[in-house]
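Structure first, commentary second.
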Amino acid sequence: MPDTTIDDSVRRLLLAEHFDAQARQRLRDLGDVALQGLRAAATGSDRGEAAVLKARAIVALGDWPEDEAIETLAAVS
């Protein structure tokens, strides 16, 4: 079941075929909306689509300049 707490634009970027630096920059450009979605995905399930979202959210949070990202990364490590 998809995580409904993740904004559709954030979900689309996380599931992009090429999840590269450009996709991660677009997430950062979305600001707080993306940060909330990334935090939800990073702490989500390890099964199915959620596992892809989780892995990519953790990568994206690694680029994030906010203290909140560090706290989430510490919680999932």
Side-chain angles (χ1 to χ4, degrees):
M1 176 151 110
D3 186 342
T4 57
T5 62
I6 300 174
D7 183 84
D8 286 338
S9 57
V10 173
R11 179 182 301 281
R12 280 192 302 274
L13 286 167
L14 286 173
L15 294 174
E17 184 176 346
H18 300 287
F19 187 69
D20 55 12
Q22 183 179 9
R24 294 190 307 274
Q25 179 60 51
R26 290 178 63 196
L27 284 165
R28 287 191 302 277
D29 291 345
L30 290 173
D32 288 340
V33 169
L35 181 58
Q36 290 174 356
L38 293 174
R39 291 177 75 194
T43 57
S45 174
D46 289 336
R47 295 181 181 258
E49 180 183 280
V52 173
L53 293 172
K54 180 174 188 157
R56 289 182 172 191
I58 290 169
V59 170
L61 286 170
D63 294 336
W64 208 269
E66 301 290 328
D67 289 339
E68 293 178 36
I70 295 169
E71 293 171 11
T72 302
L73 290 170
V76 297
S77 62

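- Residues Val76 and Leu61 are not in side-chain contact: their nearest non-hydrogen atoms beyond the backbone lie 4.5 Å or more apart.
- Between the side chain of Lys54 and the backbone N or O of Gly44, at least one donor-acceptor pair lies under 3.5 Å.
- Leu73 CG to Trp64 CH2: the interatomic distance, rounded to the nearest 0.5 Å, is 11.5 Å.
- Atom CD of residue Glu68 and atom CG of residue Leu38 lie 11.5 Å apart, to the nearest 0.5 angstrom.
- The heavy-atom pair separating Ala42 from Ile58 by the smallest distance is CB-CG1, 3.9 Å.
- Taking CZ of Arg26 as the reference point, atom CZ of Arg12 lies at 9.0 Å (rounded to 0.5 Å).
- Within a 6.0 Å radius of CG in Asp29, more than 12 heavy atoms belonging to other residues, nucleotides or ligands are found.
- Interatomic distance, CD of Glu71 versus CD of Glu66, reported as 10.5 Å (0.5 Å rounding).
- Closest of all the heavy-atom pairs between Ile6 and Ala41 is CD1-CB, 3.6 Å.
- Within a 6.0 Å radius of CD in Gln22, no more than 12 heavy atoms belonging to other residues, nucleotides or ligands are found.
- No hydrogens or angles considered: nothing links the side chains of Arg39 and Gln36 as a donor-acceptor pair under 3.5 Å.
- Judged by distance alone, the side chain of Arg56 and the main-chain N or O of Ala16 form a donor-acceptor pair under 3.5 Å.
- Heavy atoms only, all atoms of each residue included: Ala34 and Val10 are closest at CA-CG2, 3.5 Å.
- Across Phe19 and Ala60, no two heavy atoms sit closer than the pair CZ-CB, 4.1 Å.
- Clustering ILVMFWY residues whenever any of their side-chain heavy atoms sit less than 4.5 angstrom apart, transitively, puts Leu15 in the very cluster that holds Leu30.
- Looking at Leu14 and Val52, their side chains never come closer than 4.5 Å, going by heavy atoms from C-beta outward.
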